[in-house]
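Letters go in sequence order (proteins before strands), and every chain restarts at 1.
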There are 2 protein chains.
Amino acid sequence: MESATLLQHHVEQQLRAAGDISSVQFEVLMHLFKTRRATMTELADGVVYSRSGLTYQAGQLEKAGLVTRGPSPDDERATLVTITDAGIDVVHRVLPGHVQVTRRLLYEALSDEDLRRLGDIMARVRDHIREQPPRSAAPRKR
Amino acid sequence: MESATLLQHHVEQQLRAAGDISSVQFEVLMHLFKTRRATMTELADGVVYSRSGLTYQAGQLEKAGLVTRGPSPDDERATLVTITDAGIDVVHRVLPGHVQVTRRLLYEALSDEDLRRLGDIMARVRDHIREQPPRSAAPRKR
DNA sequence: TATTGTTATACTCTATAACTATA
DNA sequence: TATAGTTATAGAGTATAACAATA
């Protein structure tokens with residue numbers, strides 16, 4: 001957790017300095033960079049924990065002109081979020097430094113074999129956590 | 001990063017439910033649980049990134065009666081933070097569930113060998129990041 | 001001069017609950 | 001009834017800069 005926190009912190013700083021975005025916003029942008037458009041729910045599943053949290057972030061990104069929101073033709077309830085050219089520009093502007101930071105802080109410390117193992121282990125952990133039933137983990141509340 | 005975020009989130013929920021503390025406060029308490037007392041700088045080094053951030057957290061913990069702050073006999077500039085009996089109680093109340101959550105979400109998904117490797121790898125990453133010179137990672141600011 | 005710590009301030013983010021609208 | 005999304009609100013946390021005091 002300490003390593004992850006340290007890495008997160010450095011990544012955050014690079015994203016803020018290079019593109020004036022947070023890491024959450026970066027993840028939303030990267031998702032849209034690949035798919036071009038997505039519903040709020042699709043974005044929320046991969047990124048944030050509360051829907052309102054994503055509404056806030058989407059609002060920030062829209063205010064910055066990096067995405068637009070519009071109705072979905074398929075489902076009248078849904079909102080389609082689309083990345084703008086400006087949003088794509090920001091990704092291009094931010095990505096090289098992002099790769100550089102992660103390389104310098106993470107990859108540089110590890111052999112190819114380490115990296116393979118780490119990826120394998122953490123993928124398993126991720127899947128395991130995602131599978132967990134949402135039973136409350138609180139023993140007794142004071 | 002996704003695994004770490006998921007784990008962090010679950011740990012946070014358990015700590016909040018069982019002891020009404022955040023994970024940052026938990027880390028401060030755990031440090032003091034072991035050493036009994038520490039200066040603000042000592043605590044900040046291991047936990048938080050800004051000194052004012054720790055001042056805030058120490059204030060929260062003091063308000064909750066879990067720590068006290070007083071002058072240091074050795075260095076008139078320093079503040080000595082001491083864990084109270086109530087603080088120790090909170091650690092005792094929170095720890096079993098904390099261990100349970102980390103076991104269920106992390107350890108359960110991994111073999112002993114995985115765990116050994118993960119610990120080894122992440123310790124190296126941590127040391128590597130801590131060694132980094134603080135040169136700015138921002139390429140060009142828009 | 002450097003270090004320790006606090007304060008004031010401003011901002012970002014997050015979650016909860018209530019609400020609207022469509023499936 | 002369930003799902004998609006927003007809003008209002010409130011609280012927690014963080015960082016920056018200015019400051020006071022001691023080393």
For residues 46-66 of chain A, which residue pairs qualify under ring pair (Phe, Tyr, Trp, His ring centres under 6.0 Å), counting only residues two or more places apart or in two chains?
A:Y49-B:H9
Pairs in or reaching into residues 109-124 of chain B: which pass side-chain hydrogen bond (donor to acceptor under 3.5 Å, both in side chains), with residues at least two apart or in two chains?
A:D114-B:R124, A:R124-B:D114, B:S111-B:D114, B:E113-B:R116, B:E113-B:R117, B:D120-B:R124
Between C:dT12 (P) and A:L15 (CG): distance, integer Å
16 Å
Tell me the interatomic distance from B:R16, atom CZ, to D:dA12, atom P, rounded to whole angstroms.
7 Å
Taking only residues two or more places apart in sequence, or in another chain, which ones meet B:E42 in a salt bridge (charged side-chain N to carboxylate O under 4.0 Å, His left out)?
none
A correct 5'-to-3' footprint of nucleotides 2-9 of chain C, with B, S and - meaning base, sugar-phosphate only and no protein heavy atom under 4.0 Å, is -BBBBB--
Figure out the OH/C1' separation between B:Y49 and D:dT16, and round it to whole Å.
18 Å
Can you tell me which nucleotide in D:dG13, D:dT16, C:dT16 comes closest to the side chain of A:S50?
C:dT16
Given atom NE2 of B:H9 and atom P of C:dC13, what is their separation to the nearest angstrom?
16 Å
Rounding to a whole Å, what distance do you find between A:D45:CG and D:dA4:C1'?
12 Å
Interface with DNA chain D, restricted to residues 22-35 of chain A and to heavy atoms under 4.0 Å
none
Quick check on C:dT14: is either OP1 or OP2 less than 4.0 Å from any side-chain nitrogen or oxygen of A:Q57?
yes
Can you name the residues that form a side-chain contact (heavy atoms from CB on, under 4.5 Å) with A:A109, not counting sequence neighbours?
B:H128
Tell me every residue that passes side-chain contact (heavy atoms from CB on, under 4.5 Å) with A:R69, counting only those two or more places apart in sequence or in another chain.
A:M40, A:T55, A:A58, A:E62, A:T79, A:V81
Residues in salt bridge (charged side-chain N to carboxylate O under 4.0 Å, His left out) with B:D89, at least two apart?
none
Which residues share a salt bridge (charged side-chain N to carboxylate O under 4.0 Å, His left out) with B:R103, sequence neighbours left out:
none
Shared hydrophobic cluster, A:M1 / A:L7 (ILVMFWY, side-chain heavy atoms < 4.5 Å):
yes
Rounded to whole angstrom units, what separation is found between the CG atom of A:D74 and the P atom of D:dT3?
19 Å
Ring centre gap for A:F33 and A:H92 strictly below 6.0 Å:
yes
